[in-house]
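Here's the structure, in structure tokens; my notes come after.
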Amino acid sequence: DSVIAGVLIGLVVPFVSYALLLSINDFGVNNPLHIGILDDFYGMQAKGLSVMAICVNLLPFNLMKKQRFDDGMRGLVIATSIYVFAWMIMFGLPLIGIHF
């Protein structure tokens, strides 16, 4: 139950989940045998996959909440805020017409 542990968990979990989601997406796009349920998921852009990966942080957050790890939750929120800020810079600004 420490802020640093929460930050580390909050930085690693979305990174790993993004890699997993990207692998699943690439497999589905390149696989000629499509599974009907996942057809909408395959071919998703990096924008949507990254939002899904950031949302995976809700799982450890919920576990920490049940264990009453308040400092760990604080660190997880800090890491999630960093990812959301980075997402807003990379994908959010072009959505509203600001390009670099």
Side-chain angles (χ1 to χ4, degrees):
D1 183 29
S2 71
V3 175
I4 294 176
V7 169
L8 289 176
I9 290 169
L11 291 175
V12 170
V13 168
F15 185 79
V16 171
S17 62
Y18 182 75
L20 252 159
L21 289 169
L22 197 59
S23 298
I24 291 169
N25 191 37
D26 287 344
F27 173 76
V29 168
N30 297 328
N31 188 6
L33 303 173
H34 287 287
I35 301 170
I37 287 176
L38 298 176
D39 278 345
D40 291 335
F41 176 73
Y42 294 141
M44 255 182 111
Q45 296 177 356
K47 185 178 0 177
L49 291 175
S50 58
V51 168
M52 290 171 63
I54 292 170
C55 289
V56 172
N57 258 353
L58 290 172
L59 298 173
F61 184 83
N62 195 26
L63 291 172
M64 288 181 181
K65 182 178 140 193
K66 287 182 181 180
Q67 298 289 327
R68 299 190 186 272
F69 290 163
D70 294 334
D71 289 336
M73 287 174 26
R74 190 171 293 122
L76 195 70
V77 168
I78 291 169
T80 304
S81 299
I82 291 169
Y83 275 126
V84 169
F85 183 72
W87 188 92
M88 287 299 293
I89 297 295
M90 291 175 61
F91 300 114
L93 292 179
L95 286 176
I96 60 172
I98 300 173
H99 299 282
F100 293 106

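Not measured: the values here are computed from a predicted model.
Nearest approach of Leu76 to Gly10, heavy atoms of both residues: CD1-CA, 3.2 Å. Looking at every heavy atom in both residues, Met73 comes nearest to Lys65 through SD-CA, 3.4 Å. Across all non-hydrogen atoms, the minimal contact from Asp70 to Asp1 is N-OD1, 3.5 Å.
Although no hydrogens or angles enter the test, the distance criterion places no donor-acceptor pair under 3.5 Å between the side chain of Tyr83 and the main chain of Pro14.
In the hydrophobic cluster analysis, where Ile, Leu, Val, Met, Phe, Trp and Tyr join through side-chain heavy atoms closer than 4.5 angstrom, Val77 is grouped apart from Leu58. Under the 4.5 Å side-chain heavy-atom criterion for grouping Ile, Leu, Val, Met, Phe, Trp and Tyr, Leu22 is not connected to Val13 through any hydrophobic cluster. One hydrophobic cluster holds both Val56 and Phe69 under the rule that ILVMFWY side chains link at heavy-atom gaps under 4.5 Å. Connection of Leu59 to Tyr18 is not established within any shared hydrophobic cluster, with ILVMFWY side chains joined at heavy-atom distances below 4.5 Å, either directly or through further cluster members.
In this structure the side chain of Leu93 reaches within 4.5 angstrom of the side chain of Ile89, judged on heavy atoms. When side chains are defined from C-beta on, Trp87 counts as touching Lys47, because their heavy atoms get closer than 4.5 Å.
Atom CD1 of residue Ile9 and atom CZ of residue Phe61 lie 12.5 Å apart, to the nearest 0.5 angstrom. Here the CG atom belonging to Leu8 is positioned 8.0 Å from the OG atom belonging to Ser2, to the nearest 0.5 angstrom. Here Ser50 contributes atom OG and Phe15 contributes atom CZ; the two are 13.0 Å apart, rounded to the nearest 0.5 Å. If you take CD1 on Ile54 and CG on Leu49, they are separated by 11.5 Å, rounding to the nearest 0.5 Å.
For the residue pair Thr80/Asn57, the side-chain donor-acceptor check at 3.5 Å is satisfied.
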Side chain to side chain contact (heavy atoms under 4.5 Å, CB included) assessment of Arg74 paired with Asp71: CA-CA 5 Å; Arg74 190 171 293 122; Asp71 289 336; 2.7 Å; yes
Evaluate the side chain to side chain contact (heavy atoms under 4.5 Å, CB included) criterion for residues Val12 and Val16: first the C-alpha distance (whole Å), next the side-chain angles of each, then the deciding distance (0.1 Å), finally the verdict. CA-CA 6 Å; Val12 170; Val16 171; 4.0 Å; yes
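Dense packing is recorded around CG of Leu63, with more than 12 heavy atoms of other residues, nucleotides or ligands lying under 6.0 Å away.
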